[in-house]
Amino acid sequence: AQSVAQPEDQVNVAEGNPLTVKCTYSVSGNPYLFWYVQYPNRGLQFLLKYITGDNLVKGSYGFEAEFNKSQTSFHLKKPSALVSDSALYFCAVRDGGSYIPTFGRGTSLIVHP
Amino acid sequence: DTGVSQDPRHKITKRGQNVTFRCDPISEHNRLYWYRQTLGQGPEFLTYFQNEAQLEKSRLLSDRFSAERPKGSFSTLEIQRTEQGDSAMYLCASSSVGTRNTGELFFGEGSRLTVL
């Protein structure tokens with residue numbers, strides 16, 4: 001079985017400050033990890049992924065995520081938040097032997113001017 | 001535009017009616033997924049096709065739900081005898097199979113169903 005937890009329903013940050021959106025996962029095999037963003041009334045857009053290799057992965061719009069195997073975490077980060085980053089963020093995981101990702105409940109990121 | 005397209009974007013229907021949603025994936029993608037999303041929740045997996053074969057269905061997919069992908073291109077999701085609990089956003093996504101595939105999904109804009 002595979003599962004994802006996003007412990008924060010909402011994250012508030014001031015523009016220009018660093019942001020972190022948390023994600024922990026559980027899989028039986030090697031994890032394939034993803035972050036997606038969803039703007040109001042839109043579909044999900046892929047941001048970045050971790051499959052193997054360097055634990056720090058970089059993605060779209062200046063976002064990055066750090067894979068931590070011992071803590072089974074894959075937190076999304078950005079050094080300097082923009083108001084336009086305000087959206088819903090979803091973490092997803094799949095086992096390397098599966099083609100079906102499981103999504104977390106999502107975290108609403110609000111960046112204040 | 002070569003993205004995933006879904007139609008209709010919004011459907012309002014009365015309880016007991018049948019509805020059908022269509023998804024056109026990215027043309028070179030041979031995997032197609034249907035997910036359901038309700039307010040405050042993440043997408044929940046419904047079913048998955050590789051080419052025309054439906055390889056997996058969630059237990060969420062009751063007998064009233066049926067999905068097809070007859071020629072391995074577009075897909076339809078039909079809900080028969082709709083109930084108010086079926087009100088949700090129905091998301092379609094596609095991905096490719098290949099040596100470099102790492103499985104990220106490309107989503108459409110979704111089809112929002114409202115059952116009165």
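Numbers restart at 1 for each chain; the letters A, B, ... are given by sequence-line order, proteins then strands. Because the structure is predicted, anything quoted here is derived from the model rather than measured.
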> Pick one of side chain, backbone, both or neither for B:Glu44, based on which atoms fall under 4.5 Å of a heavy atom in chain A.
neither

> Taking NZ, NE, NH1 and NH2 as the nitrogens, is one of them in B:Lys71 or B:Glu52 under 4.0 Å from a carboxylate oxygen of the other?
no

> With a 4.5 angstrom heavy-atom cut-off, could you sort out which part of B:Leu55 is near chain A: side chain, backbone, both or neither?
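Neither; nothing under 4.5 Å.
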
> Given heavy-atom pairs under 4.5 angstrom as the criterion, report whether the side chain, backbone, both or neither of B:Glu56 touches chain A.
side chain

> Less than 4.0 Å between a side-chain N and a carboxylate O, is that true for A:Arg42 and B:Glu109?
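Salt bridge between B:Glu109 and A:Arg42, a charged N being under 4.0 Å from a carboxylate O: yes.
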
> Decide, yes or no, whether a salt bridge links B:Asp24 with B:Arg22 under the criterion of side-chain N to carboxylate O below 4.0 Å.
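Salt bridge present between B:Asp24 and B:Arg22.
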
> Charged N to carboxylate O under 4.0 angstrom, B:Glu83 versus B:Arg64?
yes

> When the ring centroid of B:Phe45 is compared with that of A:Phe103, is the distance short of 6.0 Å?
no

> Given heavy-atom pairs under 4.5 angstrom as the criterion, report whether the side chain, backbone, both or neither of A:Gln38 touches chain B.
side chain

> Flag the pair A:Lys49 and B:Glu104 as a salt bridge only when some basic side-chain nitrogen lies within less than 4.0 angstrom of an acidic carboxylate oxygen.
yes

> Ring centres under 6.0 Å, that's the criterion: do B:Tyr33 and B:Phe106 meet it?
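No, they do not, as the ring centres are separated by 6.0 Å or more.
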
> If we count only N and O atoms by modelled type, under 3.5 Å, do the side chains of B:Thr82 and B:Gln17 hold a donor and an acceptor together?
no

> By number, which residues in residues 13-22 of chain A have some heavy atom less than 4.5 Å away from chain B?
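Within residues 13-22 of chain A, near chain B: nothing under 4.5 Å.
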
